[in-house]
Amino acid sequence: MSAKAISECGVVILGGTAGVGLETAAQFAAQGARVVLLGRNAQRGASACEAVRGRVPNADVGFVQVDATDTADAVRAEQSARARLGAIDVLVCTTGPSQPPRLLSDIPIENVKLRLEEVVLPPLHMMHAVLPGMRQRKSGAIINVASDAAKVATPGETLIGAAMAAIVMFSRAAALEVKREGIRINLLTPSLIAGTPGAALIAADPFAAKMFEKAAGMAHLGVAEAEDLAAMVLYLAGPAARRITGQAISINGGISVA
């Protein structure tokens, strides 16, 4: 199967207004891709588009507001993004939890459903929404950013690990279903990512900060940065990775090798 050059691709990035998603958008734009960012906040979306244009003056980048936990809104966002791009060749999902790691005993039972849904549903909904168009064209690449907690969850990552594992298994099984149609689905499973909103969320919480301080000490190759993940996303989206699907690749500086 062949894969499009990045410069020819229409790219949608869920969670593209900050962190890994924003850096990925800038790297795609720098290679000539057409990019649509998806997020909940229109003001942040506009700022993110300006940030991309600040790095890539001629960037073709736009924003579509969406709450991807809602099925109808996810479908509407896919339609809007596809209308702007002509076709969605690449989907990147970089959303994550809104709360830092917590021991299960410290999470009220009424919050369990919300915590799981906010992590699991956005990438699953957007994947489901873009796949029909990719099937019709017999090509496409999806890259989801999950977490190493999907592979080895430590105390405090009970819910996060369960949610991330759901994303990983969904993606891997879907990769087997759609490979005959020229569609590839892969994942990145980082641990701590320096300089991102997620890192700031963790640093502000004493329990989570202590957890990840220990983890950072094991990253003898250095704590991962947004640039590291974005570079791998572009590789997985491009022709050089045309034989790769169903893989969950850890980028964690050597914290673990699971």
Side-chain angles (χ1 to χ4, degrees), residues 1 3-4 9-17 20-21 24-25 28 33-40 64-97 116-147 149-150 160 162-190 229-230 232-238 241-242 244-249:
M1 296 279 184
K4 280 187 175 183
C9 287
V11 180
V12 171
I13 304 177
L14 179 65
T17 61
V20 172
T24 301
F28 270 115
R34 309 177 315 281
V35 181
V36 168
L37 311 178
L38 302 183
R40 294 179 182 231
V64 173
Q65 189 170 10
V66 64
D67 176 1
T69 63
D70 181 84
T71 54
D73 211 29
V75 170
R76 176 200 57 78
E78 186 277 337
Q79 292 171 345
S80 296
R82 179 158 43 89
R84 189 183 191 284
L85 296 171
I88 298 173
D89 301 297
V90 179
L91 170 68
V92 182
C93 299
T94 69
T95 52
L116 290 173
E117 288 183 345
E118 73 173 0
V119 176
V120 176
L121 292 183
L124 268 59
H125 282 161
M126 291 314 306
M127 279 193 283
H128 199 292
V130 304
L131 278 171
M134 290 182 174
R135 286 193 184 101
Q136 186 176 23
R137 296 189 309 280
K138 302 294 183 183
S139 68
I142 297 173
I143 302 98
N144 294 315
V145 179
S147 166
I160 291 173
M164 294 298 181
I167 295 170
V168 170
M169 190 54 66
F170 184 98
S171 301
R172 283 178 156 173
L176 292 176
E177 292 182 3
V178 301
K179 63 180 182 178
R180 293 172 181 82
E181 296 162 297
I183 303 166
R184 299 174 293 112
I185 304 175
N186 291 290
L187 305 107
L188 302 184
T189 56
L229 276 82
M232 182 58 77
V233 169
L234 264 72
Y235 171 76
L236 291 171
R242 64 189 180 279
I244 301 175
T245 196
Q247 303 305 304
I249 301 169

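Just so it is clear, the model here is predicted, and its values are computed rather than measured.
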The reported gap from CG in L229 to OG1 in T189 (rounded to nearest 0.5 angstrom) is 9.0 Å

So CD of E117 and NE2 of H125: to nearest 0.5 Å the spacing works out to 8.5 Å

Check: Can you find a heavy atom in the side chain of R172 that is under 4.5 Å from one in the side chain of L187?
Finding: yes

*Criterion side-chain contact (heavy atoms from CB on, under 4.5 Å) on I160 and V119, from CA distance to verdict*: CA-CA 8 Å; I160 291 173; V119 176; 5.8 Å; no

Do side-chain atoms of E181 reach the backbone of K138 as a donor and acceptor pair under 3.5 angstrom?
no

Report task. Just do the side-chain contact (heavy atoms from CB on, under 4.5 Å) check on M134 and V178 with the steps written out, would you? Result -> CA-CA 9 Å; M134 290 182 174; V178 301; over 6 Å; no

By side chain to side chain donor-acceptor pair (under 3.5 Å), R76 pairs with (sequence neighbours left out) D73

Looking only at heavy atoms, the pair that brings R84 and V35 closest together is NH1-O, 4.1 Å

Between G16 and T94, the two heavy atoms sitting closest are N-OG1, 4.4 Å

The reported gap from CD in E78 to CG in L14 (rounded to nearest 0.5 angstrom) is 12.5 Å

Separation between CG (N144) and CG (L91), nearest 0.5 Å, reads 6.5 Å

Closest heavy-atom pair, T95 versus P123, reported as atoms and distance to 0.1 Å, is OG1-CD, 3.9 Å

Rounded to the nearest 0.5 Å, the CD1 atom of I185 sits from the CZ atom of F170 at a distance of 7.5 Å

Please evaluate residues H128 and L124 with respect to the criterion side-chain contact (heavy atoms from CB on, under 4.5 Å), reporting the C-alpha separation (whole Å), side-chain torsions for both, the decisive distance (0.1 Å), and the verdict. CA-CA 6 Å; H128 199 292; L124 268 59; over 6 Å; no

Hey, mind stepping through I13 and V233 against side-chain contact (heavy atoms from CB on, under 4.5 Å) and telling me if it holds?
CA-CA 11 Å; I13 304 177; V233 169; over 6 Å; no

**Request:** Taking R137 for its side chain and G133 for its backbone only, find out whether a donor-acceptor pair lies under 3.5 Å.
**Result:** yes

Taking every heavy atom of M164 against every heavy atom of S147, the minimum-distance pair comes out as CG-CB, 3.6 Å

Output for pair (L236 CG, I143 CD1), nearest 0.5 Å, gives 5.5 Å

Contacts of Q136 meeting side-chain contact (heavy atoms from CB on, under 4.5 Å) (sequence neighbours excluded), chain-then-number -> none

message: If we ignore hydrogens and angles and just use 3.5 Å, is the side chain of R242 paired with the main-chain N or O of A3 as donor and acceptor?
response: no

Q. Between the main-chain N or O of I244 and the side-chain N or O of N186, is there a donor-acceptor pair closer than 3.5 Å?
A. yes

L37 and A25 have their tightest heavy-atom pair at CD2-CB, 3.5 Å

Applying side chain to side chain donor-acceptor pair (under 3.5 Å) to T69 and not counting sequence neighbours gives D67

Heavy-atom nearest pair, A77 first then V66, reads CB-CG2, 3.5 Å

* Side chain to side chain, I142 and L131, heavy atoms closer than 4.5 Å -> yes

